[in-house]
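Here is the structure we will look at, set down as structure tokens.
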Amino acid sequence: MFFDIMEKKSYYLSKIIYFGLIFFILSVNLISVYFLPLESLKYLFLINFILSVFVFFKLFGLYLYPIFIFIGTLTLFQGGLILYSIFHNIDLSFVWLMGANFFASESTVRTSILSIILSYWFLLLGGYIGSINNKKRDINKSKLKTEIMKNKIIKNLALLIFFLSLPLYIYKISIYFNFFLEYSYLAFYQSTEFAERVGFIIRVITFFTPLSFLVYFLLEEKKINILIITFIFFFVSLPLLLSGFRGLFFTFWLTVFLFYKKKFNNNLSFKSLLILVSIISVLGLLVSLYRENVNNINLNILFGKNPFLEFIGQQGVSFFVTVMATEFRDEFKDNILYYLIWEPISAIFPNALNTSGRAFATDLMIKINYEGFLMGYGTGSSYLAESYLLGGVFGVALVSFLIGFILSKLFYYFDYVDIYKKVLIFTAIQYIIYLPRDLLLMPLSQVIKSGIYMLLLYFIFNFIWQILIYKKKEKI
């Protein structure tokens, strides 16, 4: 008992030390970001990125965790251009995204870099505090047998729905891909013709394809069965990636990988991490080149330059969204609550955010390039940008803390909820890790949307379960 007490004291003491280290690092950053030369801030950012990864492993261990993936997407989408500037002489104050073409003030650039750095550390603080006291719960054994039987039936029904809806899903994807080949990826934002070609009924039915895949994936215990159905769905989903939907494609499959590791082996090796990053970088760059010019892909970029640097440089342009939110905060901050109200509504009315006054991304594009907006171009958004509009750097720190806390709690509760909630947690985590390039409340919007379909699945599965129970009682 004495050794247990000493071990606990040592454990908590080490965590307190790391907490103290985080607050020390935050203090140093708050001073350094406004006193160092602007050119030196990219190195300050790099140091913070490396330190945040180091502290993550010390707080959470060598495991794949949603917080770690979020650090990766934050670095890619918001810090990629900053890292790129270390190896290439570019001016981070010149905002060229979507034809904006203006020089942001030095104060704006400093504050934008500070926002990313603060987000690293408050994300880790929130994530770790959210993981405290997340102990394993006792499972009610009397309910366990019934739950296993029920899940087996649900799993088989999900597999049936998956294969029944798969032909229609392939049909929908082929329509989207042909539309992309005919008009380019921008046409998806200029017109709803691609959706009209598919038809409303087919689009509704095919929304059950990924959901039924997830139900089966999350319930199945045999690795070989999971790998087979995962390969099938990955293969038929590839045209979506080639059509330009890179972000959603990669975040979906990263989340699948996260829960696969959680199910079988959550250990994180640097070798597998390096392989994963390399594949995503090369594949992402190829898709980007293909999307921009379908008929003439310049592969020289893969051999003449560093594919990893080119990839993070391309993806890191969302940094400019944060820069513009900081530069034009006075123009947009009064509308931020209105933006946040409309974001969840977009779950039911997806085109609602294309109207001026309802989304920061829409209003920003209208401001910097109205002609581009009419052509279907957009800047996208970011939780950093919208958090800064909400409350400046304090808003960024608070929202980052909440994101870390929510991710930890969701990942913990995943093991103790039914399959319907598991799918919603999966959806929430998938869209949370995409927040560095998306609307602040988009995860809530997608959970609402998926929740509607999961409710329908619940009634279907429960109805069949009740029939089977009734028949079983009749036999008795």
Side-chain angles (χ1 to χ4, degrees), residues 33 38-39 41-42 44-46 48-49 73-120 186 189 244 246-247 284-285 288 291-292 309-333 336 339 359-373 375-390 392-393 395-396 399-400 434-440 442:
V33 80
L38 187 62
E39 183 65 21
L41 293 188
K42 55 191 177 186
L44 180 68
F45 170 80
L46 177 61
N48 275 273
F49 165 59
T73 57
L74 173 58
T75 305
L76 175 63
F77 294 129
Q78 291 292 326
L81 198 64
I82 302 173
L83 295 176
Y84 185 83
S85 71
I86 294 174
F87 303 93
H88 296 82
N89 186 25
I90 61 171
D91 187 351
L92 292 174
S93 65
F94 181 66
V95 182
W96 47 262
L97 181 65
M98 292 299 160
N101 297 336
F102 74 93
F103 284 94
S105 68
E106 183 176 314
S107 174
T108 291
V109 177
R110 290 180 182 276
T111 303
S112 300
I113 294 175
L114 176 64
S115 293
I116 306 172
I117 291 172
L118 289 177
S119 192
Y120 278 136
L186 276 177
Y189 305 98
R246 294 169 302 178
L285 187 58
S288 179
R291 188 183 73 169
E292 300 296 334
L309 283 179
E310 294 303 314
F311 177 67
I312 65 171
Q314 281 188 354
Q315 298 304 307
V317 295
S318 290
F319 169 70
F320 287 140
V321 177
T322 304
V323 168
M324 287 187 280
T326 307
E327 182 82 0
F328 306 129
R329 182 170 186 258
D330 291 340
E331 297 182 39
F332 294 109
K333 66 179 182 180
I336 184 60
Y339 296 152
F360 169 63
T362 300
D363 286 356
L364 180 62
M365 189 61 197
I366 290 172
K367 174 181 173 57
I368 64 170
N369 188 345
Y370 183 67
E371 290 183 3
F373 167 75
M375 293 171 63
Y377 289 93
T379 61
S381 190
S382 164
Y383 80 99
L384 286 177
E386 296 187 14
S387 300
Y388 191 82
L389 293 179
L390 194 61
V393 290
V396 168
V399 169
S400 300
Y434 195 54
L435 278 178
R437 181 170 264 180
D438 211 344
L439 306 169
L440 179 58
M442 186 52 69

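Along the sequence shown, the residues carry numbers beginning at 1. Everything quoted here is computed from the prediction, not taken from an experiment.
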Ser119 side chain to Ser115 backbone, donor-acceptor under 3.5 Å: no

Under 3.5 Å: donor-acceptor pair, side chain of Gln78, backbone of Pro436: yes

Nearest atoms (heavy-atom pairs only) where Ser112 meets Thr322: OG-O, 3.8 Å

Minimum-distance pair of heavy atoms, taken over all atoms of Ala325 and Tyr388: O-CD2, 4.1 Å

Atom of Ser382, atom of Val321 and distance for their closest heavy-atom approach: N-CG1, 4.4 Å

ring-ring contact (aromatic ring centres under 6.0 Å, His included), paired with Phe320, selected from Phe102, Phe103, Trp96, Phe328: Trp96

Inter-residue atom distance His88.NE2 - Leu309.CG, 0.5 Å rounding: 6.0 Å

Interatomic distance, Ser400 atom OG to Leu435 atom CG [nearest 0.5 angstrom]: 10.0 Å

Over all atoms of both residues, closest heavy-atom pair of Ala361 and Thr379: O-OG1, 3.8 Å

Minimum-distance pair of heavy atoms, taken over all atoms of Lys367 and Phe332: CD-CZ, 3.9 Å

Side chain to side chain contact (heavy atoms under 4.5 Å, CB included) between Glu327 and Val95, worked out: CA-CA 11 Å; Glu327 182 82 0; Val95 182; over 6 Å; no

Closest non-hydrogen atom pair, Ser381 against Glu386: OG-OE2, 2.7 Å

Reference residue Leu41; test side-chain contact (heavy atoms from CB on, under 4.5 Å); the match among Leu114, Ile117, Val33: Val33

Leu74 vs Tyr383, side chain to side chain contact (heavy atoms under 4.5 Å, CB included): CA-CA, chis, key distance, verdict: CA-CA 10 Å; Leu74 173 58; Tyr383 80 99; 3.4 Å; yes

Side-chain touch Ile116/Phe319, heavy atoms, less than 4.5 angstrom: yes

Nearest-0.5 Å distance that lies between atom OH in Tyr434 and atom OG1 in Thr73: 10.0 Å

Leu97 and Met324: CA distance, side-chain angles, deciding distance, side chain to side chain contact (heavy atoms under 4.5 Å, CB included) verdict: CA-CA 10 Å; Leu97 181 65; Met324 287 187 280; 4.1 Å; yes

Side chain proximity check, Glu106 to Ser93, heavy atoms < 4.5 angstrom: no

Short side-chain to backbone donor-acceptor contact, Asn48 and Leu44, under 3.5 Å: yes

Test item: Ile90 and Leu81 side chains (from C-beta on) under 4.5 Å apart, heavy atoms: yes

Side chain proximity check, Ile368 to Phe373, heavy atoms < 4.5 angstrom: no

Side chain Arg437, main chain Gln315, donor-acceptor under 3.5 Å: yes

Option passing side-chain contact (heavy atoms from CB on, under 4.5 Å) with Arg329 (candidates Thr111, Leu389, Thr108): Leu389

Heavy-atom donor-acceptor pair, Ser85 side chain to Ile82 backbone, under 3.5 Å: yes

Any side-chain heavy-atom pair of Leu439 and Tyr339 under 4.5 Å: no

